[in-house]
Amino acid sequence: EDLSGLNSNDLEAAAEYSAFWIPEDGRAGDIMPYYEDGVYHIFYLKDGGGSSAHPVYRVTTTDFVHYEDKGLAIDAGASNSQEAMIGTGSVVKTAAGDYLFFYTGHPASGAEVVLVAKSEGNLDNFVKQTDFSISPGEYGFENDFRDPEVVWDEASERYICIVATRLNGTAVLARFSFDAELENLTYDGILYTDTRGFNVLECPDLFYLDGRWYLTYSAQDLSLSGETDGTSNAMLAPADSKGCMYYLVADSIDGAWREVSDPQLDGNVFYAGKVAIGDEAMLVGWAAQKTVNAGYDYEWGGNIVAHVLTANEDGALNLTYPKAYASYFDVEQPLLLEGEDGAETDSLSLIGSGGSYTAVAEERPEARLSMNVTFTSDTEEFGFVFGLESDLENVVKVTVNPSAGKVKVQYGENGEMTSRHLALEADTEYRVDVFSEGSCYVIYIGGASLTFRARNTGNKRVAVFAESGIVQFTD
């Protein structure tokens, strides 16, 4: 198919989002995954499709490549009700085989509250319950009081409920607990207090993996600068914002919680991720939409993006791609590289290319770019370029800076679109995998991921580059 004449909007309209699923008539917001019997049930807040009240919808998948839309799960209430909008929550299964969906009721004005819906024997028929709620006022919390993460604690035989809220002007994660009948509610104290000035530590998640407990959250950063669409949320913060996902680790469900050396998960385009554990631990979040490459104009909600989580011996988390990507992104394309004999080759050595780019392949709307990379200690930067034409100002550039311990994405030579910490060592081989559908991209390198947006790509060329030193790109 010839896509050479398509512009940015045409390319986006033609994108077939499968691995990075998105509703046909809107965007996927905060993710609430639940795993059972080989199936990942991905509940999400839907934006668009005739509603701005963020009702909960559901899709299912077994491999994070093929999705089945299950439609509406929990609708918002009347515009003047306590749940004029629905906020994030979590799903648990009871001993009786029923399912409880704890969620946020967000009124047009006033305080948010924690509510619950119940579905008997399946995940298909959630009915809102009226005899359970948790409100912030009696505990001294502010109106921001949302995103209940509920798990069953076998030791205490009680549900633990973590709520993202604010206390005395500071973002905190508060812990409550109650019994199997959703009675005898107690406030158990503060699990974690923010010290960086975030507004709310949104969408907390609590899970057990490889002998340790993990507590994740998405930091809502309202310290905005640059151009925005007027909405306040972390996805509109500039690239140097720390509004992204973080995690804590503990040896017990009761703490004490500690940070690892690099507590960040992905960058500030990937948001509101939560974990469901089946054959693998899957971190599922959303990639913010972007209408243009320049500026900071991200939109709330976007495509579903999933990462596989694994843990090191010290508790640090690694991220990689779902297994099914290998078979889904499996159509090999010829490289634009020739050896000294004029034959096609799958390796390239760049010696400080001084700002020039070496084209390696023609782009496709859905693609995987995979290679091994090794660099010498005097390498300043190396990376990858998407959307390459004759005009170098309009490319999307992914740059790895080993000395700074950073990977960043930028539009041409303009400011960053997103970035994250990345510690790599010279003279060590690293596997690099980049997956893309439409404008949604994820790069995996050195146990880290970085999700980003690249508009007006998919019908041009992919290139590599190096600044100083020697960088080897091989298959």
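Any value given below was found using the heavy atoms of this structure, including those in side chains, with hydrogens, waters and symmetry copies removed. All residue numbers refer to positions in the sequence shown, counting from 1. Computed from a prediction, not measured in an experiment: that's the story for all the values here.
Between H41 and Y34, the two ring planes are tilted [angle within 30° to 60°]. Between F382 and F384, the ring planes lie perpendicular to each other; the angle is over 60°, past the 30° to 60° tilted range. Between F270 and H307, the angle of the ring planes lies from 30° to 60°, which puts this pair in the tilted group.
No donor-acceptor distance shorter than 3.5 angstrom exists from the side chain of S449 to the backbone of L265, with no hydrogens or angles considered. Judged by distance alone, the side chain of R27 and the main-chain N or O of A288 form no donor-acceptor pair under 3.5 Å. Listed for the D63 side chain is a donor-acceptor partner under 3.5 Å among the backbone atoms of V65. Distance alone, capped at 3.5 Å, is enough to place a donor-acceptor pair between the D194 side chain and the G197 backbone. The backbone N or O of T374 sits nowhere less than 3.5 Å from a side-chain atom of Q472 that would complete a donor-acceptor pair. Under the 3.5 Å distance criterion, the side-chain polar atoms of R166 are matched with a main-chain donor or acceptor of N199. Of the possible polar contacts, none joining the Y430 side chain to the G447 backbone as a donor-acceptor pair under 3.5 Å is found. At least one donor-acceptor pair closer than 3.5 Å links the side chain of S218 to the backbone N or O of A272. Of the possible polar contacts, none joining the S468 side chain to the D378 backbone as a donor-acceptor pair under 3.5 Å is found. Formation of a donor-acceptor pair under 3.5 Å by the Q264 side chain with backbone atoms of D266 is found in this model.
When every heavy atom of C203 is checked against every heavy atom of D30, the shortest pair comes out as SG-OD2, 3.5 Å. In plain terms, the two heavy atoms of V92 and V150 that are nearest each other are CG1-O, 3.0 Å. Residues Y444 and P322 approach most closely at OH-CD, 4.4 Å, considering heavy atoms. F20 and C440 make their closest contact through CE1-O, 3.5 Å (heavy atoms, listed as atom of the first residue, atom of the second, distance). Closest approach of A287 and T451 over heavy atoms only: CB-CG2, 3.7 Å. Between K460 and G387, the closest heavy-atom pair is CD-O, 3.5 Å.
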>> I'd like to know whether M32 forms a side-chain contact (heavy atoms from CB on, under 4.5 Å) with V91, so could you lay out the CA-CA distance, the side-chain angles of the two residues, the decisive distance to 0.1 Å, and finally the verdict.
In response: CA-CA 8 Å; M32 297 152 279; V91 179; 5.6 Å; no
>> Set out, in order, the CA-CA distance, both residues' side-chain angles and the distance that settles side-chain contact (heavy atoms from CB on, under 4.5 Å) for L424 and F375, then state yes or no.
In response: CA-CA 10 Å; L424 301 180; F375 60 90; 3.9 Å; yes
>> With side-chain contact (heavy atoms from CB on, under 4.5 Å) as the criterion, how do V260 and D314 come out once you've worked through the C-alpha distance, each side chain's angles and the decisive distance to 0.1 Å?
In response: CA-CA 8 Å; V260 298; D314 64 355; 5.8 Å; no
>> Is there a side-chain contact (heavy atoms from CB on, under 4.5 Å) between F473 and V432? Walk through the geometry before answering.
In response: CA-CA 10 Å; F473 300 89; V432 179; over 6 Å; no
> Does the side chain to side chain donor-acceptor pair (under 3.5 Å) test come out yes or no for Q220 and Y271, once each step is laid out?
Replying inline: CA-CA 10 Å; Q220 186 187 47; Y271 198 72; 5.7 Å; no
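Put simply, OG on S370 and CG on D475 are 8.0 Å apart, with the number rounded to the nearest 0.5 Å. In this structure, CG in L309 is found 5.5 Å from CG in L317, a value given to the nearest 0.5 Å. Between the CH2 atom of W21 and the CD atom of E437 there is a distance of 13.0 Å, given to the nearest 0.5 Å. Note that NE2 of H54 is 11.5 Å distant from NZ of K46, once rounded to the nearest 0.5 Å. Once rounded to the nearest 0.5 Å, the distance linking NZ of K397 with CZ of F465 reads 4.5 Å. Rounding to the nearest 0.5 angstrom, the gap separating the OG1 atom in T457 from the CD atom in E363 is 5.5 Å.
At least one side-chain heavy atom of L215 sits less than 4.5 Å from a side-chain heavy atom of I162. Between K70 and T60, the closest side-chain pair of non-hydrogen atoms falls below 4.5 Å. A 4.5 Å side-chain heavy-atom check between Q289 and I22 finds at least one atom pair inside the cut-off. Contact annotation: the side chain of R431 approaches that of N372 to within less than 4.5 Å [non-hydrogen atoms, C-beta and beyond]. Residues V398 and F386 meet the side-chain proximity criterion, which asks for heavy atoms closer than 4.5 Å. Side-chain contact between R420 and D262: present, with at least one pair of heavy atoms (C-beta onward) separated by less than 4.5 Å. Between D147 and T104 the shortest side-chain heavy-atom distance falls below 4.5 Å. Side chains of V396 and F452 form a contact here, defined as non-hydrogen atoms less than 4.5 Å apart.
Judged purely by distance below 3.5 Å, without hydrogens or angles, the side chains of N394 and Y411 pair a donor atom with an acceptor atom. Between N9 and R455, the side chains place a donor N or O and an acceptor N or O closer than 3.5 Å (distance only, hydrogens not considered). Judged purely by distance below 3.5 Å, without hydrogens or angles, the side chains of E280 and Y35 never pair a donor atom with an acceptor atom. In this structure, a donor-acceptor pair under 3.5 Å is absent between the side chains of E381 and T399. In this model, no donor atom of one side chain and acceptor atom of the other lie less than 3.5 Å apart for Y328 and H66.
Two rings, from Y40 and F64, have their centers less than 6.0 Å apart. Checked against a 6.0 Å centroid threshold, the rings of W213 and W257 do not count as neighbours.
Applying ring pair (Phe, Tyr, Trp, His ring centres under 6.0 Å) to Y192 and the options Y217, Y246, F198, Y247 leaves one that passes, Y217.
Within a 6.0 Å sphere centred on CG of D279, other residues, nucleotides and ligands contribute 12 heavy atoms or fewer.
Taking the charged nitrogens against the carboxylate oxygens, R461 and E362 do have a contact shorter than 4.0 Å, which makes a salt bridge. Contact check on D251 versus R258 returns a salt bridge, with a Lys/Arg side-chain nitrogen under 4.0 Å from an Asp/Glu carboxylate oxygen. Classification of D210 and R212 as a salt-bridged pair fails, no side-chain N sitting under 4.0 Å from a carboxylate O.
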